[in-house]
Protein chains: 2
Amino acid sequence: MIPKRSKYAIKALTALAKVYRDKQHLSIATIAEQEKIPRKFLEAILLQLRNEGMVNSKMGASGGYYLVKHPDEIMLSAIIRSTGGPIALIPCVSLNFYEECVECPHEELCGLHEVMLEVREASIHILSKTSLADLILREKKLFRKSENSRK
Amino acid sequence: MIPKRSKYAIKALTALAKVYRDKQHLSIATIAEQEKIPRKFLEAILLQLRNEGMVNSKMGASGGYYLVKHPDEIMLSAIIRSTGGPIALIPCVSLNFYEECVECPHEELCGLHEVMLEVREASIHILSKTSLADLILREKKLFRKSENSRK
DNA sequence: TAAATATACTACTATTTTAATAGGATATAA
DNA sequence: TTATATCCTATTAAAATAGTAGTATATTTA
Ligand code: FES
Ligand code: FES
């Protein structure tokens, strides 16, 4: 499981992606309300994302946050990583939270290691080809689909 | 990430799978030492696996644990589930640890939900086609490979 | 230029989950 | 009958996660 932190980050950045035209920005308060994220917690998350270089901010009245890159170029895997969410199922196959397996004498001889590596690859494959723009597109498609099935 | 509990369970069951002929059994102490798992913790894990019906035990002197099913039929996904390890990355797409997303008004309209569902499917696909027997086979292959590359 | 609005930053607390241990009861073999 | 194991409940310890408080700083706008 990824932490809520990461999920909130994806939600918040998606909100920013939806207004991405000419560096339009949104305030923490606006995003928090829209996405139902605890305000102060979101503040901490966005600050972190800013330090990671994923977003930029403008201080003062009518300030706020905006995306640095195009929604097409911001991948879910990058957001999860920037917010400390592990994708791998065990530490010895994690890129960002790697820890040696004290129980396994040789990593390269471990069958479980090999399988978990495959799982990680499969997950990362999906998460690093899906961008914020894709997420928005998917939502549009899902909405159209539900509209049609209601007829 | 899955809990250590699940990883230990896989390791322990693999040890049992290696001696699976005519219901041969191993004691907790033996497995704990072999796989470098804290003894008392392993005891709790095996007890749980027994209550889940994955293994059986024999009490008293020269007792121990043994697999109920053939190593071919015991899949990693089942072990992870039996020990309470989540495979999904977020609760709203988890089969065994499902929780509704309070932030998302409609699950079926949520793009993130859809992507995370795909990730889960990919992970489960691998984990539920890999058995304990496969794990042992993989290890044999890895060993042979490393032998060859040493020449 | 003052008031209002918003982010920046540090530090803290609370909650939950996970990992691990303790210790006695019970069963079985030698 | 002694040694060896599992059975079972309860507890503790440690770590990770979630969320909050409060003040400093920057910027707009009236
Ligand atoms: S090396 Fe990590 S599970 Fe064996
Ligand atoms: S429904 Fe779970 S992330 Fe939207």
Can you pull every protein N or O that's under 3.5 Å from an N or O on nucleotides 7-10 of chain C?
unit_1: C:dT7; atom_1: OP1; unit_2: A:Ile28; atom_2: N; d: 2.7
unit_1: C:dT7; atom_1: O3'; unit_2: A:Ser57; atom_2: OG; d: 3.4
unit_1: C:dA8; atom_1: OP1; unit_2: A:Arg50; atom_2: NE; d: 3.0
unit_1: C:dA8; atom_1: OP1; unit_2: A:Ser57; atom_2: OG; d: 2.5
unit_1: C:dA8; atom_1: OP2; unit_2: A:Tyr65; atom_2: OH; d: 2.4
unit_1: C:dA8; atom_1: N7; unit_2: A:Glu43; atom_2: OE2; d: 3.4
unit_1: C:dC9; atom_1: N4; unit_2: A:Glu43; atom_2: OE2; d: 2.7

Could you tabulate the donor-acceptor pairs under 3.5 Å formed by side-chain atoms of residues 107-115 of chain B, not counting sequence neighbours?
unit_1: B:Glu107; atom_1: OE2; unit_2: B:Tyr98; atom_2: OH; d: 2.7
unit_1: B:Glu114; atom_1: OE1; unit_2: A:Arg138; atom_2: NH1; d: 2.9

Got a list of side-chain donor-acceptor pairs under 3.5 Å for residues 49-62 of chain A, not counting sequence neighbours?
unit_1: A:Arg50; atom_1: NE; unit_2: A:Ser57; atom_2: OG; d: 3.3
unit_1: A:Asn51; atom_1: ND2; unit_2: A:Leu47; atom_2: O; d: 3.4

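- Spacing between atom CD1 of B:Ile31 and atom C1' of D:dT4 amounts to 16 Å, rounded to whole angstrom units.
- Listed by residue number, there are no residues of residues 75-105 of chain A with a heavy-atom contact under 4.0 Å to DNA chain D.
- There is a path of hydrophobic side-chain contacts, each under 4.5 Å, that joins B:Ile87 to B:Leu13.
- Listed by chain and residue number, nothing satisfies the ring pair (Phe, Tyr, Trp, His ring centres under 6.0 Å) test with B:Tyr66 (two or more places apart in sequence, or in another chain).
- For the pair B:Leu42 CG and C:dT21 C1', the computed distance is 14 Å after rounding to whole Å.
- If you take CZ of A:Phe41 and C1' of C:dA14, they are 13 Å apart, rounded to a whole angstrom.
- Listed by chain and number, the residues in a ring pair (Phe, Tyr, Trp, His ring centres under 6.0 Å) with B:His125 amount to none (sequence neighbours excluded).
- Through direct or indirect side-chain contacts shorter than 4.5 Å among Ile, Leu, Val, Met, Phe, Trp and Tyr, B:Met1 is connected to A:Phe97.
- Atom CE of B:Met1 is separated from atom P of D:dA16 by 11 Å (rounded to the nearest Å).
- Sorted by first and then second residue, the salt bridge (charged side-chain N to carboxylate O under 4.0 Å, His left out) pairs involving residues 61-80 of chain B (not counting sequence neighbours) form an empty list.
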Would you give me the side-chain donor-acceptor pairs under 3.5 Å for residues 32-42 of chain A, sequence neighbours excluded?
unit_1: A:Lys40; atom_1: NZ; unit_2: A:Glu43; atom_2: OE1; d: 3.3

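- Nearest nucleotide to the side chain of A:Lys4, out of D:dT4, D:dG19, C:dT18: D:dG19.
- Considering OG1 of B:Thr83 and CD1 of B:Ile2, their distance stands at 7.0 Å, rounded to 0.5 Å.
- Between the CD atom of A:Gln48 and the C1' atom of D:dA18 there is a distance of 13 Å, rounded to whole Å.
- For residues 5-19 of chain B, proximity to DNA chain C is found at B:Arg5, B:Tyr8, defined as any non-hydrogen atom under 4.0 angstrom from a strand atom.
- For B:His106, there are no ring pair (Phe, Tyr, Trp, His ring centres under 6.0 Å) partners at least two apart in sequence or on another chain.
- Applying the salt bridge (charged side-chain N to carboxylate O under 4.0 Å, His left out) test to residues at least two apart or on different chains, the pairs with a partner in residues 5-21 of chain B are A:Glu103-B:Lys7, B:Lys18-B:Glu139.
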